[in-house]
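All ligand and atom numbering here is 1-based and tracks the order in the structure. Throughout, numbering of the chain's residues begins at 1 and tracks the sequence.
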Amino acid sequence: MLENRIYNFSAGPSMLPEPVLLRAQKEMLNYEGSGMSVMEMSHRSKVYDNIINECQAKLRSVMNIPDNYKVLFLQGGASGIFAAIPLNLGKRGKADYILTGNFAEGSMKEAKKYLKEAHIAASTKDENYTRIPKQEELDLSPDADYVHICENNTIFGTKWKTLPETGDVPLVADLSSCILSERTDVSRYGMIYAGAQKNMAPAGFAVVIIREDLLGNPSPLCPKIWNFTEQVDKNSMINTPPTYPIYICKLVLDWIEEQGGVAALEKINHNKAAMLYDYLDQSKLYKTNVNPADRSYMNVVFRTGDDELDAKFVKESIACGFTNLKGHRLVGGMRASIYNAMPIEGVEALLAFMKKFEEENL
Ligand code: PMP
C-alpha cells in the first residue's frame with residue numbers, strides 16, 4: 001500500500017488495484033501518444049475502438065467465455081439490467097425468481113412491471129436471508145423464460161456455492177459482487193450480469209454476458225439502449241458508452257492476468273475469507289449468523305450482538321485507518337468487503353484490530 005492510502009472495506013464502489021490507478025495516472029494526459037486523455041477521446045475513434053475491443057477480448061480470455069456468448073458493456077448499472085432482463089428474455093412473460101436478498105427482490109420487482117408472472121421459486125426472507133435455499137426447496141416452472149438468482153448477496157453475506165439445476169430453462173445470474181473473484185463456468189448460465197464497481201472498474205457500466213440463442217426476441221417496449229440484440233450489433237455503442245470506466249476495466253483485466261488469472265485470485269480470496277471466518281468462529285465477542293455452507297468470500301458480515309459496541313467498533317476502526325466497515329442498515333453490525341483489490345495485508349491488519357478490540361471489550 002502506498003503511503004496515505006487506507007484499507008477501504010466498502011461494498012462498492014470499492015478499492016481498485018494500486019498498479020491500475022498508477023497506470024491510469026501515468027496515461028492520464030497522453031494515452032499512447034494520442035495527445036489526449038481517454039476521457040477526452042471520441043468513442044468512434046480508432047484508438048478508443050481498440051480499447052473497448054481489447055477490454056472485451058481480455059474479459060473473454062480471463063473468464064474463458066465460450067464463443068457462443070456475447071459480451072456487452074451497458075449503462076444503468078446492475079439495476080438497469082434488472083429491467084432489461086424481462087424486456088429481452090421474457091418472451092412468454094413468465095420467469096422464476098429465487099429470493100436470497102434485497103437485490104434479488106429488487107430484480108424481481110422490476111421484472112414484475114414487464115412480465116405476466118414473476119414467480120417466487122424459493123425465498124429465505126423468513127430467515128432474514130441468512131442462507132441459500134437447497135435444490136429440493138425450489139419450486140421451478142418448466143415453462144419459465146428464465147430462472148433468476150443473485151449469486152453473491154452483498155448485503156447479507158451469502159453465496160450460491162453450487163448453482164441451481166434449472167434443466168432447459170436458462171439461468172440468469174447477478175454476479176455484481178463476485179464476478180472475476182473466482183473461476184466461473186460460463187456455459188452453466190444463459191446470462192450473467194454485473195455492475196462494474198466492485199471487482200471490475202469504477203462505477204459507470206454493467207457487463208452482460210449472454211448466450212447467443214437468447215438474443216433476437218426483445219419486447220417492443222425495450223429501451224433501445226438496453227436492447228441486447230441491437231447492442232450486440234453495435235458493439236455496445238448505440239450511443240456513447242462509459243468510455244473511461246471501460247478503459248479502467250481493461251487495466252484491471254491486465255492486472256488480473258499479471259496475478260495469474262482468476263484461478264490464482266480465487267485461492268487468495270478464499271484464503272482471505274477463511275482468515276476472517278476462522279477467527280469469527282472461535283471469537284467470544286463476534287458472531288456471524290450466516291449459514292456456514294453459504295458464506296460469501298467477498299462480503300463478510302459479523303456483529304457483537306450489542307448495537308452500541310458495534311458502533312464503537314466502527315468508530316475506532318476509522319480512527320485506526322480502516323473505512324466502510326459499517327454493516328448495511330438492513331443487517332446492522334459490521335461488514336468487511338474483501339474484493340480482489342483488497343490485499344491480504346489489509347485482512348491481516350483488520351484481524352489484528354478485531355483481536356485488540358475483542359481483548360479490550362470482552
Ligand atoms: N446486485 C448486487 C448483488 C449488488 O451488490 C448491487 C449493488 N451493490 C446491485 C445489484 C445494484 O447495482 P447498481 O448500483 O450497479 O445498480
Side-chain angles (χ1 to χ4, degrees), residues 8-16 72-87 97-113 118 123-125 129-132 146-161 163-164 171-182 184 189 191-209 223 225-226 236 241-242 244-246 248-249 252 269 273 290 294-301 324-331 335-342:
N8 174 9
F9 290 90
S10 168
S14 38
M15 286 178 85
L16 284 163
L72 296 170
F73 303 109
L74 304 178
Q75 297 188 54
S79 302
I81 307 302
F82 291 171
I85 296 164
L87 287 167
Y97 278 79
I98 306 180
L99 303 186
T100 53
N102 84 317
F103 291 114
E105 277 185 45
S107 199
M108 184 184 76
K109 274 188 202 141
E110 232 13 47
K112 269 189 172 165
K113 296 179 188 168
S123 170
T124 50
K125 190 167 188 165
Y129 291 131
T130 49
R131 70 178 184 89
I132 298 292
Y146 59 88
V147 179
H148 180 280
I149 63 164
C150 179
E151 189 156 320
N152 185 78
N153 296 281
T154 325
I155 294 174
F156 295 90
T158 59
K159 162 142 204 329
W160 286 84
K161 302 278 173 75
L163 293 176
L171 179 65
V172 173
D174 176 355
L175 267 64
S176 293
S177 48
C178 60
I179 194 161
L180 296 171
S181 68
E182 59 183 2
T184 303
Y189 304 82
M191 175 183 148
I192 288 171
Y193 68 105
Q197 62 272 22
K198 301 168 201 297
N199 255 343
M200 305 190 90
F205 71 90
V207 69
V208 169
I209 303 167
I225 59 155
W226 285 328
S236 304
Y244 200 76
I246 291 171
I248 297 288
C249 185
V252 168
N269 287 330
V290 174
D294 303 324
R295 287 170 171 176
S296 167
Y297 301 115
M298 294 286 105
N299 312 97
V300 179
V301 175
N324 288 314
L325 282 162
K326 192 171 190 291
H328 191 277
R329 67 193 145 70
L330 289 175
V331 177
R335 170 176 56 175
S337 295
I338 48 173
Y339 301 115
N340 287 346
M342 173 60 68

List the closest protein heavy-atom neighbour of [atom]: residue, atom name, distance to the nearest 0.1 Å.
atom	answer
atom 10 (C) of ligand 1	D174 OD2, 3.4 Å
atom 8 (N) of ligand 1	K198 NZ, 2.8 Å
atom 16 (O) of ligand 1	S79 OG, 2.6 Å

Residue [X] vicinity, atoms of ligand 1 by number, heavy atom under 4.0 Å:
X	value
S176	1 (N), 2 (C), 3 (C), 4 (C), 10 (C)
T154	2 (C), 3 (C), 4 (C), 5 (O)
N152	3 (C)
Q197	12 (O), 13 (P), 14 (O), 15 (O)
G77	15 (O), 16 (O)
F82	10 (C)

Inter-residue atom distance [X].[atom1] - [Y].[atom2], 0.5 Å rounding:
X	Y	atom1	atom2	result
K159	N299	NZ	CG	11.5 Å
T154	R335	OG1	CZ	7.0 Å
C150	Y193	SG	OH	6.5 Å
L16	Q197	CG	CD	11.0 Å
I132	L163	CD1	CG	10.5 Å

For atom 15 (O) of ligand 1, state which one of A78, C178, G195 supplies the nearest heavy atom.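 Result: the heavy atom closest to atom 15 (O) of ligand 1 is in A78.
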
Audit row: L175, V207, side chain to side chain contact (heavy atoms under 4.5 Å, CB included) steps and yes/no: CA-CA 10 Å; L175 267 64; V207 69; over 6 Å; no

If the contact criterion is a heavy-atom separation under 4.0 Å, does C150 count as touching ligand 1? yes

Can you confirm whether the side chains of T158 and D294 place a donor and an acceptor under 3.5 Å from each other? no

Answer yes or no on whether K109 is positioned over the face of Y97, meaning its NZ or CZ is under 6.0 Å from the six-membered ring centre and within 45° of the axis. no

